**Q** 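Provided herewith is a single structure, encoded as structure tokens, for subsequent inquiry.
Bear in mind that the values here come from a model prediction, so they are computed numbers and not experimental data. Both ligands and their constituent atoms are indexed starting at 1 by order of listing.
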Amino acid sequence: MGGSTDCLPIIVVGAGGHAKVLASTLFLLGRHILGFVDSQLCRPPLLGITQLGQDDAVLSFGTSRVRLANGIGSIAPGSIRRKVYEKFCDKRYLFETVVHPSAFIAPETKIEHGTQVMAGAVIQPGAALGANVIVNTGAVVDHDCLIEAHAHIAPGATLCGAVRIGTEAHIGAGATILQSVTIGSRSMVGAGAVVTRDVPSGATVVGVPARPDVKGSSL
Ligand SMILES: CC(C)(COP(=O)(O)OP(=O)(O)OC[C@H]1O[C@@H](n2cnc3c(N)ncnc32)[C@H](O)[C@@H]1OP(=O)(O)O)[C@@H](O)C(=O)NCCC(=O)NCCS
């Protein structure tokens, strides 16, 4: 299971809303944050932490001296969250797995590196979370769900049992995915949708029950 397993100082990558929530969680876990990096220079301080420079400022710290935390959120598939993760993994930096103290994670859960489970989220037994996933505030991942790398389960979304979420998919805030449904990679489920059937890769669905969104879907 994941969690903050060592005490190396952390650099947060990104400076937007997700970075703020992540930094707050890291402080709650008692972690020391060296600073943040962001592609834009001269960002204002983030909860009192200051900018170290643009993303490549990370490279002036040895890979064994720091851990990274991916503060880049994603509101759509194909975000830079994945690119940043892969860029620094290629350079042998490790991304911290972060679990908010108020999240419930069943002991039988598998969580890969760099995944973040935010406040109030619930992960039930048999679930498996790939690398660099976000299970956001108050989301529920019930038994035996499989979430592939870089997917984002937005605040308040519910995955019923044995749901499968493909790589880089985005499950919108408050959406519900019924049991045993598969959401294809790089798909987008709109906020508040109720998904009753499988969704192919690259599709966008919205509504109750969820239907393809003509503008955004590949269907
Ligand atoms: C589904 C979604 C991706 C569509 O985004 P978009 O392509 O920019 O769509 P638009 O805002 O231009 O809206 C297009 C139409 O879809 C409707 N629509 C948008 N989102 C919808 C949703 N979640 N459910 C139902 N209808 C929706 C709009 O009302 C609009 O309808 P209209 O053409 O009749 O006026 C987006 O609205 C959404 O739900 N994103 C998820 C947000 C989220 O999870 N945020 C959490 C971040 S942590």
**Q** Give the atoms of ligand 1, by number and element, whose distance to some non-hydrogen atom of His152 is under 4.0 Å.
**A**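 Ligand 1 atoms under the 4.0 Å threshold to His152: 48 (S).
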**Q** Which class fits the ring pair Phe95 and Tyr85: parallel under 30°, tilted 30 to 60°, perpendicular over 60°?
**A**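 If you compare the ring of Phe95 with that of Tyr85, the planes turn out tilted.
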**Q** Return yes or no for this condition: an N or O of Ala173 is under 3.5 Å from an N or O of ligand 1.
**A**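 Min N/O separation from ligand 1 is below 3.5 Å for Ala173.
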**Q** Which is it for Pro155 and ligand 1 at heavy atoms under 4.0 Å: side chain, backbone, both or neither?
**A**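 Side chain only.
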**Q** Atoms of ligand 1 less than 4.0 Å from Gly190 heavy atoms?
**A**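 This gives 1 (C), 23 (N), 39 (O) as the contact atoms.
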**Q** Any N or O on Ala191 sitting closer than 3.5 Å to an N or O of ligand 1?
**A**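 Right, the criterion is met.
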**Q** In terms of atom number and element, which parts of ligand 1 are under 4.0 angstrom from non-hydrogen atoms of Met188?
**A**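 Under 4.0 Å from Met188, ligand 1 has these atoms: 3 (C).
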**Q** Relative to atom 25 (C) of ligand 1, which among Val206, Val21, Ile134, Asp213 owns the nearest non-hydrogen atom?
**A**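 That would be Val206.
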**Q** Side chains of His152 and Ser74: donor-acceptor distance under 3.5 Å anywhere?
**A**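 Ser74 and His152 do have a side-chain donor-acceptor pair below 3.5 Å.
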**Q** Does the side chain of Gln116 come under 3.5 Å of the side chain of His18 through a donor N or O and an acceptor N or O?
**A**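 Note: Gln116 and His18 side chains meet the donor-acceptor criterion.
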**Q** Please check if any side-chain donor atom of Asn132 sits under 3.5 Å from a side-chain acceptor atom of Arg81, or the reverse.
**A**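 Yes, because at least one side-chain N or O of Asn132 sits under 3.5 Å from a partner of the opposite role on Arg81.
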**Q** With the side chain counted from C-beta on, respond yes when Ile177 and Ile171 share a heavy-atom pair under 4.5 Å apart, and no when they do not.
**A**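 Answer yes - side chains close enough.
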**Q** With nothing but distance in play, are any N or O atoms of Asn136 less than 3.5 Å from an N or O of ligand 1?
**A**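 In fact, backbone or side chain, Asn136 has no N or O that close.
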**Q** If you count the atoms of ligand 1 from 1 in the order shown, which ones are under 4.0 Å from a heavy atom of Gly172?
**A**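 Selected atoms, number and element: 44 (O).
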**Q** Could you see which bit of His18 sits under 4.0 Å from ligand 1, with heavy atoms only: side chain, backbone, both or neither?
**A**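 Within the 4.0 Å criterion, His18 makes no contact with ligand 1.
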**Q** Suppose I only count heavy atoms of Ala154 and a 4.0 Å limit; which atoms of ligand 1 are within that range?
**A**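 Reading through ligand 1 atom by atom, the close ones are 44 (O), 46 (C).
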**Q** Rounded to the nearest 0.5 Å, what's the gap from CD1 on Ile165 to CD1 on Ile147? Could you check?
**A**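 The CD1 atom of Ile165 sits 6.0 Å away from the CD1 atom of Ile147.
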**Q** Rounded to the nearest 0.5 Å, what's the gap from CD on Glu96 to CG on Leu29? Could you check?
**A**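 Reported value, rounded in 0.5 Å steps: 9.0 Å.
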**Q** Kindly give the heavy-atom pair with the smallest separation between Ile10 and Ala69, and that separation in Å.
**A**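 Heavy atoms only, the tightest pair is CG2-CB, 3.8 Å.
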